[in-house]
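Below is one structure, written out as structure tokens; the observations come after it.
All ligand and atom numbering here is 1-based and tracks the order in the structure.
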Amino acid sequence: MSVPDTGTAVGTLKFRNPLLLASGILGESAASMVRVYNSGAAGVVTKSIGSESRPGYRNPTVFEFGSGMLNAMGLPNPGIVDFGEVVRKTRASGVPTIASIFGSSPAEFAALAASMQEYGADAVELNLSCPHVEGFGAEIGSTPAMVGEVVKTVRDSVSLPIWAKMTPNVSDVAALAGAAEDAGADAIVAINTVKGMAISAKLRMPVLSHSVGGMSGRAVKYVGLRSVYEISGRCGLPVVGVGGISCGEDVAEYLMAGASAVQVGTAVSEGGPGVFGRIAGELSSFMSSEGFSSIREMVGIARR
Ligand SMILES: Cc1cc2nc3c(=O)[nH]c(=O)nc-3n(C[C@H](O)[C@H](O)[C@H](O)COP(=O)(O)O)c2cc1C
């Protein structure tokens, strides 16, 4: 059998394979994002960027456990003005670049998206889902009404593709995705981290400085799969799956649940950018041995 075609598309954006870097891991400098691309990813999502620079929370901000991690970074970032150079450099290196942004109001999201468009980003990803920063992320992305308002305001301000990133910490994630679709989003990204916390019994206190954080890695894969399955059953937009992906078969599972592409975060933080080449090879081998010749043949097959 010939080598399978692993190329895919999310709306109008075409990718050489379905593997993208998730927001928050190695997405703050052009050099690290170019390295990720050269290691086999088909594109990158930047760290979430806000209007002003933020230092984030004090340590400890990360807690690793056997099958994943908890983090409450506090959205540290250099601010939208300083980030222009990073997006321009990453794009100039030929790396498909999705710019993640967070704001505290629809107007703030729209202004950030307009800047990212000016910097040349290929798409903007709305972080409507960070679970641990008051006034941002999931605090304004947990109701269909707010999701719809943010997406619509951004839609009215920019022409570049809008990806809306969902929180899984709600009872009906598909309803949020439906609101994003109705408001003019081009793709849905699911999921951000699952709200959780760790306690140190010896110290009798929470491990993270912010107490509550977001869980990621292998432990959340089944929450992500369920979310993608529900979203792709409800709305017609392309879905980008994320959560706990660490091998080629994980990617196949997300594609079969309905995703057209995926993002990888914690596995990169654990294993470095080289995981992209390994996962791409495993996906290709899986497709060959299972008789799939294209990604399209796999998308949503578990739904049929
Ligand atoms: C350390 C860390 C930082 C993150 N920062 C962001 C962020 O800035 N914006 C965002 O939308 N998601 C952020 N995420 C969430 C990831 O993009 C992803 O949605 C989540 O971790 C699930 O994927 P994974 O299991 O492959 O890591 C972060 C995750 C981790 C572990």
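In summary, Arg278 and Glu282 engage in a salt bridge, as defined by a charged side-chain N under 4.0 Å from a carboxylate O. Using a cut-off of 4.0 Å between Lys/Arg side-chain N and Asp/Glu carboxylate O, Asp122 and Arg91 are scored as salt-bridged. Look at Glu181 and Arg234 and you find no salt bridge, because none of the NZ, NE, NH1 or NH2 atoms lies under 4.0 Å from a carboxylate O. A salt bridge links Asp186 with Arg155; the closest basic N to acidic carboxylate O contact falls under 4.0 Å.
Under the side-chain contact (heavy atoms from CB on, under 4.5 Å) rule, Pro273 has a single partner from Val36, Val34, Ile25, which is Val36.
Set against the non-hydrogen atoms of Gly243, the atoms of ligand 1 under 4.0 Å away are 22 (C), 23 (O), 25 (O). The atoms of ligand 1 that sit less than 4.0 Å from any heavy atom of Ile25 are 29 (C), 30 (C). Here is the list of ligand 1 atoms found below 4.0 Å of a heavy atom in Val242: 18 (C), 19 (O), 22 (C), 23 (O).
Contact annotation: for Met69 versus ligand 1, heavy atoms closer than 4.0 Å belong to the side chain alone. Counting heavy atoms closer than 4.0 Å to ligand 1, residue Thr266 contributes atoms from both its backbone and its side chain. Here Val62 has no heavy atoms under 4.0 Å from ligand 1, in either its backbone or its side chain.
For atom 30 (C) of ligand 1, the nearest non-hydrogen atom from the set Asn71, Thr61, Asn192 comes from Asn71. Distances from atom 18 (C) of ligand 1 to the heavy atoms of Met215, Lys165, Lys47, Gln263 show the closest one on Lys165.
The shortest contact between atom 6 (C) of ligand 1 and any protein heavy atom is with Ser23 O, 3.3 Å.
There is no side-chain donor-acceptor pair under 3.5 Å between Thr266 and Ser269. Under the 3.5 Å distance criterion, with hydrogens and angles disregarded, no donor-acceptor pair is assigned to the side chains of Thr167 and Ser129.
Heavy atoms of Val268 stay at 4.0 angstrom or farther from ligand 1. Remark: distances from the non-hydrogen atoms of Ala267 to ligand 1 are all 4.0 Å or more.
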